[in-house]
Chemist: 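One structure coming up, written as structure tokens, with questions to follow.
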Amino acid sequence: MIPGLRHRIYVSRDSIRFQSHLLRIGVKWKTGDPIDIIAFDSIRYTTYDVAICLRRFIRTSTLILMSMVKAQHRYAAWQYPTNISSTLASHLSIKWNRFNGDIRTLSELEYYKSFLDSFLPHRAWSNPSLSVSDHLSEEREHARIGLAISGSSTNWPESHWVELAKSLYDRGYQLSLFGGQDAVPLARLILAAIPKVRCHVGYLPFSEAAQKLKALTLLIGNDTGFTHYASLFSSRCLIILGGGTFGRFFPWPGSTNQYVIFNALECFDCTWNCPLERRECLHRITAHSVLMYALAIIRDEAPVWLNLAQEDVEYSVAWHFVPGELAKQRLSANGNGVERRTTPLK
């Protein structure tokens, strides 16, 4: 759906890795699924004029692919390795010109803009868009709400989703479910509680989802790729946000259709390396709170940000990247040059 791309390579997110027992003795032996091995060869035998790796939060798999790329000019934007040490990440990207921007820049879109400005000859700002939206009708179904229930790593508890679905249905709203294969078990739970639900989970291609998203009164989703996609088409999107990458991906700068609900905790910005027994930042967002916020959004009476914490909570951007025991404690104001931020956000 993005015009101009001539060559697409599909690889695993987590199967590409080093053999751990060999890595301990300094041998970086790469492994992956069969499709990944084919991709390795495709990358090895292609030479580019320019290569760009836009990821700010980077995983081992991406760094391994980067190490195979041949290009005259190579630019990388990574700042936070999520499942690999910074030392090894730096070693794997030694041939890349790496941009390390301001740690206080939360928004990923703002960060990527500053990255591109650092080496492109001209500056430009491009809001997320797809040309496919130009061909969609404006007709909306009355009182139909979509639930985007995918995204296992950042998902709201299943019991909360079921309770929310039942509450919306009891208030007369028609429901549509969206999600990938990972969301099939949750979709079955919702269907068992409410048979009259339009379920698109597990089989609806993105291109066919666009028209259905544009017809919604409201889309409720979590911090996942489908919610970004839905934001291109839905008139209103309610995002249930946890603390893993708080404020980095939602809302988009300048967006007019995104609403964020969250429960601030001092451990926010943990990249989902949760120090607690469960993800309290998500568990504390109740189904009733989301229901009330959704109804206020539909009435055009809702704030863009809704913090459910009873009092303002201070936390430091990227607190967990501070070495030693300080990473487990509350940082003092402006500790290690990191600016403190207070919620709720205005």
Chemist: Quick one: list whatever passes side-chain contact (heavy atoms from CB on, under 4.5 Å) with Ile261, sequence neighbours left out.
Modeler: Leu238, Ile240, Ile285, Ser289, Val290, Tyr293, Leu306, Leu308
Chemist: How far does OH of Tyr10 sit from CD1 of Ile38, to the nearest 0.5 angstrom?
Modeler: 14.5 Å
Chemist: For the atom pair OG1 (Thr224) and CD1 (Ile149), what is the distance rounded to the nearest 0.5 Å?
Modeler: 11.5 Å
Chemist: Using every non-hydrogen atom in the two residues, find where Ala209 and Tyr229 come nearest and quote the distance to one decimal.
Modeler: CB-CE2, 4.3 Å
Chemist: Checking Trp156 against His283: is there a side-chain donor and acceptor pair closer than 3.5 Å?
Modeler: no
Chemist: Where do Trp305 and Pro251 come nearest, in terms of heavy atoms and distance?
Modeler: CZ2-CD, 3.2 Å
Chemist: Once side-chain hydrogen bond (donor to acceptor under 3.5 Å, both in side chains) is applied, do any residues pair with Trp96, and if so which ones, sequence neighbours excluded?
Modeler: none
Chemist: Identify the heavy atoms of Gly202 and Val184 that sit nearest to each other, and give their distance.
Modeler: CA-CG2, 4.4 Å
Chemist: Is there a donor in the side chain of Trp78 and an acceptor in the side chain of Ser93, or the other way round, less than 3.5 Å apart?
Modeler: yes
Chemist: Decide yes or no for Arg144 and Tyr173: does some side-chain heavy atom of the first lie under 4.5 Å from some side-chain heavy atom of the second?
Modeler: no
Chemist: Using a strict threshold of under 4.0 Å (side-chain N to carboxylate O), is an ion pair present between Asp36 and Lys30?
Modeler: no
Chemist: Which Ile, Leu, Val, Met, Phe, Trp or Tyr residues join Ile94 in one cluster when any pair of side-chain heavy atoms under 4.5 Å counts as a link?
Modeler: none
Chemist: Suppose we screen for side-chain hydrogen bond (donor to acceptor under 3.5 Å, both in side chains). Which residues come up paired with Glu208, at least two apart in sequence or across chains?
Modeler: none
Chemist: I'd like to check the side-chain contact (heavy atoms from CB on, under 4.5 Å) partners of Ala39; sequence neighbours left out, ordered by chain and number.
Modeler: Ile9, Val11
Chemist: Indicate the ring-plane relationship of Phe206 and Phe226, choosing parallel, tilted or perpendicular according to the 30° and 60° boundaries.
Modeler: perpendicular
Chemist: Apply side-chain hydrogen bond (donor to acceptor under 3.5 Å, both in side chains) to the pair Asp223 and Thr245, showing each step before the final yes or no.
Modeler: CA-CA 9 Å; Asp223 183 1; Thr245 49; 3.3 Å; yes
Chemist: Under 3.5 Å, which donor-acceptor pairs link side chains of residues 61-74 to any protein atom two or more places apart or in another chain?
Modeler:
residue	atom	partner	partner atom	Å
Ser61	OG	Arg13	O	2.7
Ser67	OG	Ile64	O	2.5
Lys70	NZ	Arg44	O	3.2
Arg74	NE	Ala71	O	3.4
Arg74	NH1	Val69	O	2.8

Chemist: Listing request: all side chain to side chain donor-acceptor pair (under 3.5 Å) pairs with a residue in residues 158-169, at least two apart in sequence or in separate chains.
Modeler: Asn155-Trp161
Chemist: Under 4.5 Å between any side-chain heavy atoms of Asn307 and Phe262, yes or no?
Modeler: yes
Chemist: For Tyr112, give me all partners under ring pair (Phe, Tyr, Trp, His ring centres under 6.0 Å), at least two apart in sequence or on another chain.
Modeler: none
Chemist: My understanding is that only residues two or more places apart in sequence, or in another chain, count here; which of them pass side-chain hydrogen bond (donor to acceptor under 3.5 Å, both in side chains) with Tyr111?
Modeler: none
Chemist: Is there a donor in the side chain of Ser12 and an acceptor in the side chain of Asp33, or the other way round, less than 3.5 Å apart?
Modeler: yes
Chemist: Side chains of Gln19 and Thr31: do they bring a donor and an acceptor to under 3.5 Å?
Modeler: no
Chemist: Could you list the cluster mates of Tyr45? Members are the ILVMFWY residues connected by side-chain heavy atoms closer than 4.5 Å, either directly or through other members.
Modeler: none
Chemist: By side-chain hydrogen bond (donor to acceptor under 3.5 Å, both in side chains), which residues pair with Arg98, not counting sequence neighbours?
Modeler: none
Chemist: Write down the atom of Cys237, the atom of Ser234, and the distance for their closest heavy-atom approach.
Modeler: SG-CB, 3.7 Å
Chemist: Using salt bridge (Lys or Arg N to Asp or Glu O under 4.0 Å) as the criterion, list what pairs up with Lys113, not counting sequence neighbours.
Modeler: Asp117
Chemist: Locate the shortest heavy-atom distance separating Arg236 from Thr217; write the atom from each residue and the value.
Modeler: NH1-O, 3.1 Å
Chemist: Side chains of Ser114 and Asp102: is there a donor and an acceptor less than 3.5 Å apart?
Modeler: no
Chemist: Kindly indicate whether the side chain of Leu175, heavy atoms from C-beta on, has any atom under 4.5 Å from the side chain of Arg198.
Modeler: no
